[in-house]
4 protein chains.
Amino acid sequence: MASRGVNKVILVGNLGNDPEIRYMPSGGAVANITIATSESWRDKNTGEQREKTEWHRVALFGKVAEVAGEYLRKGSQVYIEGQLQTRKWQDQNGQERYTTEVVVQGFNGTMQMLGGRQGGGQGMGAQGGMGGGQQQGNWGQPQQPAAQQQNNFAPQQQSAPQQAPAQQPQQQYNEPPMDFDDDIPF
Amino acid sequence: MASRGVNKVILVGNLGNDPEIRYMPSGGAVANITIATSESWRDKNTGEQREKTEWHRVALFGKVAEVAGEYLRKGSQVYIEGQLQTRKWQDQNGQERYTTEVVVQGFNGTMQMLGGRQGGGQGMGAQGGMGGGQQQGNWGQPQQPAAQQQNNFAPQQQSAPQQAPAQQPQQQYNEPPMDFDDDIPF
Amino acid sequence: MASRGVNKVILVGNLGNDPEIRYMPSGGAVANITIATSESWRDKNTGEQREKTEWHRVALFGKVAEVAGEYLRKGSQVYIEGQLQTRKWQDQNGQERYTTEVVVQGFNGTMQMLGGRQGGGQGMGAQGGMGGGQQQGNWGQPQQPAAQQQNNFAPQQQSAPQQAPAQQPQQQYNEPPMDFDDDIPF
Amino acid sequence: MASRGVNKVILVGNLGNDPEIRYMPSGGAVANITIATSESWRDKNTGEQREKTEWHRVALFGKVAEVAGEYLRKGSQVYIEGQLQTRKWQDQNGQERYTTEVVVQGFNGTMQMLGGRQGGGQGMGAQGGMGGGQQQGNWGQPQQPAAQQQNNFAPQQQSAPQQAPAQQPQQQYNEPPMDFDDDIPF
DNA sequence: TTTT
DNA sequence: TTTT
């Protein structure tokens with residue numbers, strides 16, 4: 001708690017792929033999704049219609065990650081509220097690189113599933129929170145070993161401040177199988 | 001928790017008056033403030049410069065209310081994030097009336113003091129939370145009795161859902177998640 | 001334009017009814033919709049599940065109003081970005097009353113249709129704008145005459161500042177629209 | 001314009017440095033600033049107070065860039081509303097790299113100066129706008145040559161969709177001193 | 001009055 | 001690199 005300043009991102013868009021779920025040693029879930037937003041306009045010069053799609057990396061933590069894993073799919077439309085976070089990592093050549101993501105975590109973010117047709121999911125809303133519980137996964141057993149292998153060079157160290165777990169447990173979130181598609185948009 | 005939909009208000013403006021603080025029987029603080037935002041534009045027809053000020057009623061609950069009461073003053077500039085809420089009350093003639101306010105409460109809102117000169121307050125940020133603590137008063141002992149008198153017909157009865165009492169203990173969040181994606185494009 | 005302060009509202013919810021469209025003398029469209037957002041939580045005392053729905057009055061102006069009238073229906077899910085505005089009016093007894101609405105107008109707001117099933121509309125996005133165009137109606141020919149009749153006591157006087165017409169000029173927006181809803185609940 | 005989805009960032013923080021202003025061949029201004037937001041919390045494990053600062057790259061275009069260049073300084077507190085945008089560039093080794101920025105441009109963004117002490121600026125608000133106008137410089141004559149040199153490998157080429165130039169030129173930015181003496185409407 |  |  002206690003923040004000096006405001007750091008807020010609001011996105012409404014569709015997933016470019018199924019979520020990728022991982023579990024931290026503690027059992028907390030992490031979901032990575034990419035969301036597309038786009039704008040179209042008429043080019044002042046050529047007069048032709050143009051469109052530009054922006055892809056956003058979103059990382060969800062805790063309960064909201066579990067919900068994402070269970071209900072979101074490629075194409076799902078979501079409302080995301082989170083924070084901008086840039087993390088440093090080393091590429092294969094040992095070079096420092098930076099990646100900026102929208103982090104949805106604890107009480108600083110929310111995810112709302114929209115529509116109800118486009119991804120299997122349906123009208124589920126979920127606020128962040130590490131409420132967790134069922135330690136049904138762990139760091140040593142990633143679900144996408146292949147993908148995992150090639151990038152053990154992106155540290156991550158997610159040490160952001162945490163909000164209260166809010167008591168509110170109950171909710172059952174069975175872990176989703178995974179599924180990669182990647183003709184990833186970036 | 002669990003919300004279907006999004007209900008969010010963001011204001012940056014200055015207080016029209018000192019905050020009015022009250023305490024609920026439970027000891028929880030409630031602060032009422034009014035915030036001005038304004039826009040100026042040139043009138044298309046007359047060509048003259050015009051300005052319009054909008055006044056917003058804001059009700060803060062819990063810890064954030066205490067902070068407001070202690071640090072905010074008439075003229076203070078603040079950032080407010082809260083929810084729209086319309087409550088019904090009866091006027092002197094027994095007629096039903098409605099008042100819409102921006103409610104800052106629990107983890108659904110925040111208040112950030114801006115600037116640092118205009119009101120005594122200084123760079124204090126505070127997230128909502130009914131965390132309460134110091135039962136230093138109660139509903140019957142308002143700090144602004146005068147103001148009180150004239151509107152005892154506005155019940156208030158804030159029965160909105162309460163967020164987790166903040167306590168916020170245990171939870172382990174400091175884990176290094178991991179290698180997100182691979183030779184990620186950004 | 002020039003604004004001191006920030007006045008922003010973001011809503012995601014469903015329409016409680018079909019939009020009510022009206023036209024100002026200038027031909028500019030005005031759409032009124034009501035949007036529901038809700039929260040559910042477990043009562044700390046009784047332990048039972050509770051839910052609370054908040055209803056929001058939203059007034060859209062110009063092109064975005066036309067889009068709303070054409071594509072939105074009762075039940076449609078929308079993303080709304082607008083400004084809080086409180087207007088004064090006189091009730092039947094000549095008493096001053098106030099109504100707070102979310103105004104979507106010009107470049108200060110947007111409306112995005114979500115989902116794609118619940119209202120006929122599909123994936124249409126629209127930013128406010130003075131664009132006008134198809135003068136397909138006028139003040140004297142409201143589409144919801146019934147609703148009209150019963151509430152000629154809510155003046156409205158929509159005199160908010162207008163953003164630069166951005167090319168698309170013509171449109172006259174300073175007209176007092178009119179009688180919105182009836183014995184409106186707020 | 002027409003956008004499918006929502007892409008919005010809201011920041012309130014302080015500048016880490018004076019703005020860097022450049023001019024495009026067209027004469028349009030571009031200002032780059034970095035904004036700090038921070039959060040502090042008590043570490044669950046060690047019990048000690050911790051703080052984390054997040055730095056945000058912000059690129060402002062057009063009139064709002066000119067205002068930033070004129071009034072913002074290192075330390076200035078600002079409210080920023082813009083869009084997330086990731087652009088690709090080549091580093092010295094010809095490697096593709098990506099940088100994510102918050103873009104404030106046209107009617108999709110705003111900048112509000114806050115406080116009034118920390119940077120010389122005072123209560124200035126400015127909405128984006130490619131309004132151009134005063135061709136007072138060009139891409140080849142940056143105001144911060146030093147800073148320029150070290151990163152000429154970051155192309156920039158801002159080819160995002162441009163909003164309607166809106167005509168709205170000149171704009172007067174002198175502040176109407178505000179004064180809150182309650183003729184408050186409620 | 002919506003939605004789940 | 002800011003701010004408190």
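Below, chain A is the first sequence line, B the second, and so on; all start at residue 1.
Contact annotation for T53(D): base contact, defined as any heavy-atom pair under 4.0 Å involving a base atom.
E54(D) CD to L11(D) CG: the interatomic distance, rounded to the nearest 0.5 Å, is 10.0 Å.
Spacing between atom CD of E51(C) and atom P of dT2(E) amounts to 12 Å, rounded to whole angstrom units. Rounding to whole angstrom units, OH of residue Y98(A) and P of dT1(F) are separated by 12 Å. Across the protein-nucleic acid pair, I35(C) atom CD1 and dT1(E) atom P stand 18 Å apart, rounded to whole Å. Whole-Å rounding puts the L15(C) CG to dT1(E) C1' distance at 10 Å. Atom CD1 in I33(C) sits roughly 14 Å away from atom P in dT3(E) (whole-Å rounding). Atom CG in L11(C) sits about 13 Å away from atom C1' in dT2(E), given to the nearest Å.
Under the side chain to side chain contact (heavy atoms under 4.5 Å, CB included) criterion, A68(A) pairs with A31(A), L60(A), L72(A), M111(A), not counting sequence neighbours. Taking E70(B) as the reference, nothing meets the side chain to side chain contact (heavy atoms under 4.5 Å, CB included) condition, with sequence neighbours excluded.
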_If you apply the rule side-chain hydrogen bond (donor to acceptor under 3.5 Å, both in side chains), what do you find for W89(D) with T99(D), and how did you get there?_
CA-CA 8 Å; W89(D) 51 283; T99(D) 292; 2.7 Å; yes
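Residue ring and base: W55(D) counts as stacked with dT1(F) (centre distance below 5.5 Å, interplanar angle below 30°).
Nearest nucleotide to the side chain of N17(C), out of dT1(F), dT1(E), dT3(E): dT1(E). The side chain of N14(C) approaches dT2(E) more closely than any other nucleotide in the set dT4(F), dT2(E), dT1(F).
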